[in-house]
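For clarity, every value in this text was computed on a predicted model and none was experimentally measured. Residue indices begin at 1 and follow the sequence shown.
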Amino acid sequence: MKTGTAKKQKKRSQASETWKRLRKNRLAVVGLVILALIFLLAIFADVIAPYPYDQQDYSSTFQTPSAQHLFGTDNFGRDILSRVIYGARISLQIGFISLLGGAFVGCVLGAIAGYFGGAVDTIIMRFNDILMAIPRIVLAISIASALGPGLTNAMIAVAISSIPNFARVVRASTLTIKDQEYVEAAHCIGANNFHIIKRHVFPNVLAPIIVQATLGIGTAIILAASLSFLGLGVTPPDPEWGSMLSEARTYMRDYPYMVIFPGLAIMVTVLALNLFGDGLRDALDPKLKK
């Protein structure tokens, strides 16, 4: 009982120490605040958005930004502000769910490769190298083309393209951890490999995984937007930021606001994720602990 309490107190102290260092990084805090606001917009889009995202008004097409339509309207008379707000739901959904899927598979493969080594390591990492040799956007486009357009297929394409980075990070950390004394002690008391990987390897590679995931979500959002822009991701009338850019490119010369606002949404979200990810990396870096 005392051991369990001590572990909980240790985790709390580590978390509080990490949060204390993170708060000192002003840019990271700014990124976190922006992310919180974007999440609130996505969660409460039904309440915040002034119009339904698919409401068409052909008498109000191509209206420039005004008090009635803050971001203007598109070629169907739909309110662009409402579509940008609802688009946060889809873009964040793709970014987080696809990255979680890719992180899970990549972490499992990386841990197995690093822990067992030998032929298992060679097979897994050579396959990983093949995936890494293909530019990520090309790999995602190829998978999305094979599967067809759609939200689910876009998430699968982004998830598969994110596996190699996680596998490499986890394998490198596992190679260091598996030679530690506590792992050898677990072997001596008869713990099986699955138990060791689950209880001793994964908890100790969590920090680099979190950092990689935080930085990777921004890349996943850009990748998903690129697929939608090419017609291989989310299809209209769903308001995904990339598909909004794709629909608006025909009119960007005469009505530039149609591409400015979805583009700004992508830029601000990815910038916030990168700021927060950089700050989190510094906060979790043991070399920076005093």
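A 4.5 Å side-chain heavy-atom check between Leu22 and Phe276 finds at least one atom pair inside the cut-off. With contacts defined as side-chain heavy-atom distances shorter than 4.5 Å, the pair Thr269/Ser91 does not qualify. For the pair Val234/Leu151, a side-chain contact is recorded, criterion being any heavy-atom separation below 4.5 Å from C-beta on. Taking 4.5 Å as the limit, every side-chain heavy atom of Ser60 sits out of range of all side-chain heavy atoms of Gln68. At a threshold of 4.5 Å between non-hydrogen side-chain atoms, the residues Met125 and Arg168 count as touching. Looking only at side-chain heavy atoms (C-beta outward), Asn128 and Arg171 stay at 4.5 Å or farther from each other.
Shown here is Arg136, whose CZ atom has more than 12 heavy atoms of other residues, nucleotides or ligands within 6.0 Å. The 12-atom threshold is exceeded at CZ of Arg126, counting heavy atoms of other residues, nucleotides or ligands nearer than 6.0 Å.
Note on Phe44 and Tyr86: separate hydrophobic clusters, where clusters join Ile, Leu, Val, Met, Phe, Trp and Tyr whose side-chain heavy atoms are under 4.5 Å apart, directly or indirectly. Follow the hydrophobic side-chain contacts under 4.5 Å out from Phe62 and you reach Leu81 in the same cluster. Note: the hydrophobic cluster containing Ile48 does not contain Leu37 (ILVMFWY, side chain heavy atoms under 4.5 Å, direct or indirect links). At a threshold of 4.5 Å between side-chain heavy atoms, the hydrophobic network of Ile, Leu, Val, Met, Phe, Trp and Tyr places Val205 and Val120 in one connected group. Transitive grouping of hydrophobic side chains (ILVMFWY, heavy atoms separated by less than 4.5 Å) brings Ile177 and Ile196 into a common cluster.
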- Item | From CA spacing to verdict: side chain to side chain contact (heavy atoms under 4.5 Å, CB included), Asp57, Thr73 | CA-CA 9 Å; Asp57 183 3; Thr73 61; over 6 Å; no

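Across all their heavy atoms, Ile266 and Ala225 have their closest contact at CD1-CB, 3.8 Å.
Considering Tyr255, Tyr51, Tyr257, Phe261 in turn, Phe261 is the only one that fulfils the ring-ring contact (aromatic ring centres under 6.0 Å, His included) rule with Phe71.
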